[in-house]
Amino acid sequence: MLALGAATAALPLAGTTGEAAEGVLPKFVVSPDDVIRRAAGLRPFRTAGFLVKSEPFGDKTLIHNYGHGGCGVTLSWGTADMAA
Ligand SMILES: Cc1cc2nc3c(=O)[nH]c(=O)nc-3n(C[C@H](O)[C@H](O)[C@H](O)COP(=O)(O)OP(=O)(O)OC[C@H]3O[C@@H](n4cnc5c(N)ncnc54)[C@H](O)[C@@H]3O)c2cc1C
């Protein structure tokens, strides 16, 4: 994923072609110079699907709830309910 330094809401932007006609956004020109950092977002998943399971842990109960991959937000409502 590339992160661009210029805030897209604030115009005119560095990297644009300059003045734009009234009511027309200036064309944005993406340049390697605009990249401020690179990041990787990992989506850990289980081939068998997410796991919700409890097991004894000393005098406590350990609840596993993981492996949602790229659907963790979507599935969280249901899997949190299952975990509870
Ligand atoms: C690029 C990308 C795109 C995605 N797109 C989607 C999508 O479109 N739809 C969807 O449903 N899901 C999506 N997901 C998955 C979703 O984001 C995750 O499944 C979800 O965020 C997991 O939630 P979580 O609270 O379990 O963990 P996280 O959101 O990872 O939160 C864990 C938190 O714990 C903190 N933490 C970690 N270790 C420690 C420590 N030792 N001490 C204190 N704090 C700590 C971290 O800083 C973080 O804030 C995407 C994931 C990625 C990476």
Side-chain angles (χ1 to χ4, degrees):
M1 179 177 76
L2 298 179
L4 299 179
T8 52
L11 296 174
L13 302 173
T16 61
T17 56
E19 293 296 317
E22 189 174 341
V24 179
L25 294 176
K27 184 179 177 186
F28 189 80
V29 181
V30 178
S31 157
D33 296 337
D34 296 324
V35 177
I36 57 172
R37 69 185 174 96
R38 293 168 186 268
L42 303 179
R43 305 166 175 84
F45 77 102
R46 297 174 72 241
T47 306
F50 66 83
L51 179 73
V52 178
K53 182 179 93 172
S54 67
E55 69 178 65
F57 189 74
D59 60 349
K60 302 181 187 317
T61 300
L62 175 64
I63 311 290
H64 298 278
N65 184 2
Y66 64 88
H68 304 77
C71 299
V73 175
T74 307
L75 295 173
S76 66
W77 310 98
T79 59
D81 196 46
M82 291 165 68

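Side-chain atoms are counted along with the backbone in the values below, which use heavy atoms only and exclude waters and symmetry mates. Counting starts at 1 for both ligands and their atoms, following the listed order.
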*So, for atom 27 (O) of ligand 1, does the protein have a heavy atom nearer than 4.0 Å?*
no

*Contact bool for atom 38 (N) of ligand 1 (protein heavy atom, d < 4.0 Å)*: no

*Heavy-atom protein neighbour under 4.0 angstrom from atom 1 (C) of ligand 1*: yes

_Heavy-atom closest pair, residues A39 and R37_ = CB-NH1, 3.7 Å

*Under the side-chain contact (heavy atoms from CB on, under 4.5 Å) rule, collect the residues that match up with T47, sequence neighbours excluded.*
F45

*Short check: is a protein heavy atom less than 4.0 Å from atom 48 (C) of ligand 1?*
no

*Would you confirm whether any non-hydrogen atom of the protein falls under 4.0 Å from atom 32 (C) of ligand 1?*
no

*Tell me, which protein residue and heavy-atom name are nearest atom 8 (O) of ligand 1, and how many Å apart are they?*
G70 O, 4.2 Å

*At a 4.0 Å threshold, what atoms of ligand 1 neighbour a non-hydrogen atom of C71?*
10 (C), 11 (O), 12 (N)

*Cut-off 3.5 Å, side chains only: do S76 and H68 have a donor facing an acceptor?*
no

*Can you find a protein heavy atom under 4.0 Å from atom 13 (C) of ligand 1?*
yes

*Contact between R43 and ligand 1, counting heavy atoms under 4.0 Å?*
yes

*Under-4.0 Å protein heavy-atom contact, atom 53 (C) of ligand 1*: yes

*Might you check, step by step, whether the distance between atom 41 (N) of ligand 1 and some protein heavy atom is under 4.0 Å?*
no

*asked:* Under a 4.0 angstrom heavy-atom cut-off, which atoms of ligand 1 come close to G41?
replied: 53 (C)

_Atom pair CG/CE of L75 and M82 - distance to nearest 0.5 Å_ = 10.0 Å

*So which protein heavy atom does atom 19 (O) of ligand 1 come closest to, and at what separation?*
G72 CA, 2.9 Å

*Could you tell me which non-hydrogen atom of N65 sits nearest to which non-hydrogen atom of V52, and how far apart they are?*
OD1-CG2, 3.5 Å

*Would you mind listing which atoms of ligand 1 come within a distance below 4.0 Å of any non-hydrogen atom of T74?*
9 (N), 10 (C), 11 (O)

_Counting only heavy atoms, tell me which of T79, L42, N65, V73 gets closest to atom 20 (C) of ligand 1._
V73

*Taking side-chain contact (heavy atoms from CB on, under 4.5 Å) as the test, write out the residues that go with L51, two or more places apart.*
R46, K53, H64, Y66

*Would you say G69 touches ligand 1, if touching means a heavy atom closer than 4.0 Å?*
yes

